[in-house]
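Take a look at the structure below.
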Amino acid sequence: MATTRSASKATQPRTTTSLSTRAGAPWSHAPTRLTLFWLAVSLPLVIWDSGYVLLRPLTMEGGSLHWPLYTPYKLYGEVDHVYGWKAFHAGNGFTSAQGALNVLETAMYLAYLGIYFARGTAVPGRSTRVLTGRPAAVALLVGFSAAVMTLSKTYLYAFNEYFSGFDNIGHNSLERLIFLWIIPNGSWLVFATYMVYVMQGEIVEGLTIASTGGAIKAE
């Protein structure tokens, strides 16, 4: 009986969880290709937008800085009055407040990318550079915080319209609203949500490694 129990015990498979340990494999971070693509697209647009907002009225129609860089904002200011003369003449501080947050948010994204490109190392078999150690932790924390800011600020922007009875965009036709307001602003919701989801998973993984003393890799 003792021999039978020993054989049975030896042949039983070891149970595994959704997080598999790999001894000696350090925790690391690398932005996904989609994250890098979105930052390459969105950061110039946000810098452009922040310049328009914070330099008003010089950047508005008739201002010395309006043409040629900010001429598209003539149309957008008619679609969304937060960006137009209505909010400016009313002394609405929301526009400049979100513009100031854009500056902070952009600085955080640039810091994230700066750490990644300065401290990341090439790894055979991977198309992106990889961060390890403290630079990985700092970069991930900064990138995650910036993505949460983007997501929260965009929801705030939408909720501001909803709770004010769509005071700034309610004059638009549905088609115009969809193509010139919902889709452009919705892009920031979609990609920021993606970044928050991916990065929080990596943060949880790193904290799990630290708390258990082992190296894990999500399946």
Give the minimum heavy-atom separation between [X] and [Y], together with the two atoms involved.
X	Y	answer
W27	A136	CZ3-CB, 3.6 Å
P184	I178	CD-O, 4.2 Å
M108	S145	CE-CB, 3.5 Å
P135	I115	O-CG2, 3.7 Å
A192	A147	CB-O, 4.0 Å

Under 6.0 Å from the CZ atom of F37, do we count more than 12 heavy atoms belonging to anything else shown?
-> no
Are more than 12 heavy atoms from other residues, nucleotides or ligands located less than 6.0 Å from atom CZ of R129?
-> yes
Which value, rounded to the nearest 0.5 Å, describes the distance between [X] atom [atom1] and [Y] atom [atom2]?
X	Y	atom1	atom2	answer
T95	H81	OG1	NE2	12.0 Å
I169	L177	CD1	CG	5.0 Å
L65	M60	CG	CE	12.5 Å
T71	W67	OG1	CH2	8.5 Å
L180	E175	CG	CD	9.0 Å

Without hydrogens or angle criteria, can the side chains of [X] and [Y] be said to hold a donor-acceptor pair below 3.5 Å?
X	Y	result
W181	N172	no
N102	K153	yes
T35	T32	yes
Y76	D49	no

Can you hop from [X] to [Y] via hydrophobic side chains spaced under 4.5 Å?
X	Y	answer
L39	V41	yes
V148	V190	no
V198	V138	yes

Applied to residues 54-63, the side-chain hydrogen bond (donor to acceptor under 3.5 Å, both in side chains) test, sequence neighbours excluded, yields R56-S96
With a 3.5 Å distance limit and no angle check, can you tell me whether [X] reaches the backbone of [Y] through a side-chain donor-acceptor pair?
X	Y	result
S50	I47	no
Y83	K74	no
S152	M149	no

Would you call D80 and K86 a salt bridge, taking side-chain N to carboxylate O under 4.0 Å as the test?
-> no
Is there a side-chain contact between L58 and H66 (heavy atoms, below 4.5 Å)?
-> no
Does some side-chain heavy atom of V82 sit less than 4.5 Å from a side-chain heavy atom of Y157?
-> yes
Pairs in or reaching into residues 98-144: which pass ring pair (Phe, Tyr, Trp, His ring centres under 6.0 Å), with residues at least two apart or in two chains?
-> H29-Y112
Pairs in or reaching into residues 185-204: which pass ring pair (Phe, Tyr, Trp, His ring centres under 6.0 Å), with residues at least two apart or in two chains?
-> W38-W188, W38-F191
Give the ring-plane orientation class for F159 versus F163, where under 30° counts as parallel, over 60° as perpendicular and anything between as tilted.
-> tilted
Using the benzene-type ring in the case of Trp, are the ring centres of Y73 and W48 under 6.0 Å apart?
-> yes
